[in-house]
Amino acid sequence: MTTAAESATSLVQSIDWPAIAPPVIVAAVALAVLVADLFLPEERKPLLGWATIAGLVAALAFLVPLRDGHHSTFCLTTDTTSTGACSYTADHFALIIQVLVLGGALLTALLSLGDTRRLPAGEFWFLLLSSTAGAALLPAARDLATLVVALEVASLPAFALVGIKRGDRRSSEAALKFFLSSVVATAVMLLGVSFVYATTGTLHLTELATRLDEVPGQFDTLAKAGVALTLVGFAFKTAAAPFHFWVPDTYVGAPLPVAAYLSVVGKAVGFSGLILVTVIGFPSYADIWGPALAVVAALTMTVGNVAALRQTATRARSAVRLLAWSSVAQAGYLLVPIASAAYSGDVQIGSTVAYALMYAVVNLGAFAVAALVSRTSPDNRLSDYRGLYATRPLAALAMGFFLLCLAGLPPGVIGLFAKVTVFSAAVDAGLGWLAVVMAVNVVIALYYYLQWTADLFRGPGEPVPAAAPAGTAQALRVTSAAPVSLTAAIALTAAVGIVLSGAPQLVLRFAAVNLF
């Protein structure tokens with residue numbers, strides 16, 4: 001007979017601190033930065049940026065001891081090494097996404113070091129780290145409650161980051177649109193989670209997979225509605241059509257480093273959550289979410305590419321707007337392997353992870369070059385990049401490389417191989433029609449990627465209007481020195497992209513293994 005003391009002891013768990021160290025370190029550094037901001041004089045505020053970078057590097061370092069992918073904690077049983085229901089699991093999938101999130105946040109911090117002179121530094125770094133902590137927690141979450149909390153911890157600071165430019169109407173408008181649409185999506189998702197819990201009595205993903213098979217007939221419709229509503233919430237975070245409408249205005253209104261952060265880390269949050277709930281939690285309803293995600297993938301890539309084609313070179317901030325629509329199209333490609341997993345198993349998820357890693361590197365690099373150009377051309381029009389090679393040859397070469405990677409053309413070999421991997425996932429799953437749609441969209445995207453790349457190496461654009469002193473544009477471009485941190489971000493992303501193009505197996509091998 002079990003005594004009361006033994007029962008109480010069985011409820012006490014030892015926490016696997018190394019497993020949860022990365023998000024905990026980021027959260028601790030966020031609090032330290034917030035407190036330090038109260039006491040540092042204005043001229044010492046740049047130290048907060050370097051403290052942020054040091055914290056992110058430390059969090060990345062703590063991922064190394066977890067590389068075996070066999071750490072779990074906060075489990076329902078005292079046996080934390082079992083395959084039972086746990087709330088936090090540092091498996092290979094979680095570790096890879098955490099590398100992507102922390103690396104993306106680190107590059108965002110490098111982009112931001114030169115821009116926080118116009119922003120409240122303490123608040124900016126605190127919000128960036130807080131959002132990153134939630135984003136790093138989410139891929140390791142294995143119950144719906146932790147997933148929702150992590151998602152909101154990642155999202156709420158992002159709203160403030162978008163609107164952090166005080167007195168800027170466009171920034172405030174972007175933050176409001178982002179906030180309102182996200183709140184609606186969150187409410188829908190929470191309603192779906194409540195339906196799922198009502199029909200199964202559990203929130204743990206591994207238990208959901210079993211109990212959804214045993215839902216009584218009278219609750220079947222409620223369970224299906226819960227699954228659908230939960231997926232809608234995560235689809236919003238991935239910028240999947242028709243939940244993509246917030247992306248262009250948000251990216252244009254936000255500071256460029258924040259737009260870069262949302263395009264990579266924000267997207268990683270949405271996709272990792274979507275993968276977890278579909279592949280681990282809802283495999284019983286693969287016949288529902290598989291076809292739905294396939295249609296959404298086709299719609300998303302088509303809407304993103306067609307909208308990107310319509311961007312006018314002389315329109316203010318057209319470069320950022322094109323990158324925003326490009327990110328929507330890329331979200332469509334990322335959805336293809338998830339939809340394919342409904343037909344051929346979760347081994348296809350590796351294709352999404354591989355593509356996400358490639359996309360993160362080159363898209364952050366493209367935003368880094370955009371941030372460089374914006375220092376001399378605040379309107380950041382596509383026409384501002386015409387003749388960039390004549391004034392900033394290395395930046396033009398880097399931007400050309402990033403665009404070719406996104407297009408999937410040599411020398412961006414990693415982009416080509418990543419697209420082939422995603423295409424193969426659709427074919428292997430028997431989704432031939434989706435593979436055809438993807439092929440057509442890749443061809444459409446070639447037009448605007450190649451047009452932008454060609455503009456980089458053409459002759460200089462139109463001269464500065466007569467009201468400006470002669471030679472103003474040339475002087476601005478030549479004399480405006482880029483911050484060391486911004487140059488480092490461009491160089492780092494370019495170097496990683498070149499290495500991956502030379503050895504694509506470093507990323508693509510994840511497509512051949514089961515990550516869970």
[X]: side-chain contact (heavy atoms from CB on, under 4.5 Å) partners, not counting sequence neighbours:
| X | answer |
| --- | --- |
| A307 | W325 |
| A228 | none |
| W50 | I53, L113 |
| L176 | L180 |

Is there a donor-acceptor pair closer than 3.5 Å between any side-chain N or O of [X] and the backbone N or O of [Y]?
| X | Y | answer |
| --- | --- | --- |
| N305 | M301 | yes |
| S171 | V162 | yes |
| S351 | V422 | no |
| S318 | T314 | no |
| K419 | A439 | no |
| T238 | A235 | yes |
| D428 | A425 | no |
| S326 | L322 | no |
| N380 | A370 | yes |
| T300 | A241 | yes |

Only counting residues at least two apart or in another chain, list the ones meeting ring-ring contact (aromatic ring centres under 6.0 Å, His included) with [X].
| X | result |
| --- | --- |
| Y389 | F457 |
| W289 | none |
| F178 | F159, W246 |

About how many Å separate [atom2] of [Y] and [atom1] of [X], when rounded to the nearest 0.5 Å?
| X | Y | atom1 | atom2 | value |
| --- | --- | --- | --- | --- |
| F124 | L161 | CZ | CG | 6.0 Å |
| L335 | Y355 | CG | OH | 11.5 Å |
| L276 | L138 | CG | CG | 7.0 Å |
| L388 | T376 | CG | OG1 | 8.5 Å |
| L293 | T278 | CG | OG1 | 6.5 Å |
| L137 | L147 | CG | CG | 8.5 Å |

Fill in: Pairwise side-chain hydrogen bond (donor to acceptor under 3.5 Å, both in side chains) hits with a residue in residues 98-111, at least two apart
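Matches after skipping sequence neighbours: Y88-Q98.
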
Worksheet item: What residue pairs, at least two apart or across chains, pass side-chain hydrogen bond (donor to acceptor under 3.5 Å, both in side chains) with a residue in residues 152-162?
Response: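 The answer is E152-T186, S155-K237.
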
Will you find, in the side chains of [X] and [Y], an N or O donor that is under 3.5 Å from an N or O acceptor?
| X | Y | value |
| --- | --- | --- |
| Y385 | S377 | no |
| S131 | Y261 | yes |
| Y333 | N441 | no |

Minimum heavy-atom distance [X]-[Y], with the two atoms named:
| X | Y | value |
| --- | --- | --- |
| V101 | A268 | CG2-CB, 4.3 Å |
| C405 | V362 | CB-CG1, 3.5 Å |
| P22 | L63 | CG-CD2, 3.4 Å |
| G122 | L48 | CA-CD1, 3.8 Å |
| V437 | A298 | CG1-CB, 3.8 Å |
| L100 | A360 | CG-CB, 4.0 Å |

Tell me, do [X] and [Y] make a side-chain contact under 4.5 Å, heavy atoms counted?
| X | Y | value |
| --- | --- | --- |
| P410 | L404 | no |
| S327 | Y251 | yes |
| V232 | F236 | no |
| V269 | L151 | yes |

Worksheet item: Does a salt bridge link E42 with K45, judged by any charged N lying under 4.0 Å from a carboxylate O?
Response: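 Yes, charged N to carboxylate O under 4.0 Å.
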
Worksheet item: Does atom OH of Y448 have more than 12 heavy-atom neighbours from other groups under 6.0 Å away?
Response: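 Atom OH in Y448 is crowded, with more than 12 foreign heavy atoms closer than 6.0 Å.
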
Discussion item. Give me each pair satisfying ring-ring contact (aromatic ring centres under 6.0 Å, His included) with a member in residues 358-381, each pair once, sequence neighbours excluded.
Written reply: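 Residue pairs with at least one partner in residues 358-381: there are none.
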
Discussion item. Applying salt bridge (Lys or Arg N to Asp or Glu O under 4.0 Å), can you list everything that pairs with D249, at least two apart in sequence or on another chain?
Written reply: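 Expected list: K177, R321.
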
Practice prompt. Hey, could you give me each pair passing salt bridge (Lys or Arg N to Asp or Glu O under 4.0 Å) that has a residue in residues 262-273? Not counting sequence neighbours.
Written response: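 Pairs touching residues 262-273 that pass the test: none.
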
